[in-house]
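Numbering of residues begins at 1 and proceeds along the displayed sequence.
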Amino acid sequence: MTDRTLAHLPELADLLERTATRDRAAFAELYDATSSRVYGLILRVLRDPGYAEETLQEVYLQVWQNAASYRPDMGSVISWMLTIGHRRAVDRVRSEQAATRRGSEYFVSNASPVTDDVVDSVLTSEDRRAVIHCLGTLTDTQRESIELSYYGGLSYPQVAEKLGAALPTVKSRIRDGLRRLKTCLETGDEA
């Protein structure tokens, strides 16, 4: 089976029907026939292979658990599975964004003085608001890297491992993010 013909394969409906009866072999065939396409969609949404792989596992767990709920009148099997994959990926993005936002607010409001020019500027509530604003001007990856390193106390290699990124990439994100924070705080750019 190739991905080009997935939407038109009656075998997928049969495999899903057999999966609903807990037929592991049918589920394995269904996975083999569809996983590359579902993974591709998830990866386009998440842009992170590690998160995409985790989300793919969640999708197939949901397919295994809910195969009996599939309704052919609502679309093809592959469309149903891609919908599940897309929803899971979007939920993952929203969850990560919310966690980053909560982490930023928590770390800024609970930051203890550190001997760093950027962090030293957090002395008053006005400065805190400026830092929160300036953190918001960073990319999500810069902000997350800085928070894990400076507020989470992780070393650069630990940040790289936690984020599943290369060490030079993490160092670059932190360096560029700190420059951006410093510029934002020095200029008072709080428009």
Looking at side-chain heavy atoms only, is the closest gap between [X] and [Y] below 4.5 Å?
{"X": "Arg18", "Y": "Glu29", "answer": "yes"}
{"X": "Leu41", "Y": "Arg44", "answer": "yes"}
{"X": "Val159", "Y": "Ser149", "answer": "yes"}
{"X": "Leu15", "Y": "Phe27", "answer": "no"}

According to side chain to side chain donor-acceptor pair (under 3.5 Å), who are the partners of Thr83, at least two apart in sequence or on a separate chain?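 Partners of Thr83 under the side chain to side chain donor-acceptor pair (under 3.5 Å) test: none.
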Who are the ring pair (Phe, Tyr, Trp, His ring centres under 6.0 Å) partners of Tyr31, not counting sequence neighbours?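 Once residues adjacent in sequence are excluded, the partners of Tyr31 under the ring pair (Phe, Tyr, Trp, His ring centres under 6.0 Å) criterion are Tyr60.
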With sequence neighbours left out, write down each residue that passes ring pair (Phe, Tyr, Trp, His ring centres under 6.0 Å) with Tyr39, or none if nothing qualifies.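 Applying ring pair (Phe, Tyr, Trp, His ring centres under 6.0 Å) to Tyr39 gives none.
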Can a side-chain donor-acceptor contact be found between Glu58 and Thr55 if the only test is distance below 3.5 angstrom?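 No pair is found: no donor N or O on one side chain lies under 3.5 Å from an acceptor on the other.
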Could you list the donor-acceptor pairs under 3.5 angstrom formed between side-chain atoms of residues 160-170 and any protein atom two or more places apart in sequence or on another chain?
none

Which residues pass the salt bridge (charged side-chain N to carboxylate O under 4.0 Å, His left out) test with Arg24, not counting sequence neighbours?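 Listed in chain order: nothing, the list is empty.
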List in chain and number order the residues that pass salt bridge (charged side-chain N to carboxylate O under 4.0 Å, His left out) with Glu17, two or more places apart in sequence or in another chain; answer none if no residue qualifies.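 Glu17: no salt bridge (charged side-chain N to carboxylate O under 4.0 Å, His left out) contacts found.
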One thing to verify: whether [Y] and [X] come together as a salt bridge, which I'm taking to mean a side-chain N less than 4.0 angstrom from a carboxylate O.
{"X": "Arg92", "Y": "Glu54", "value": "yes"}
{"X": "Arg88", "Y": "Asp91", "value": "no"}
{"X": "Asp176", "Y": "Arg180", "value": "no"}

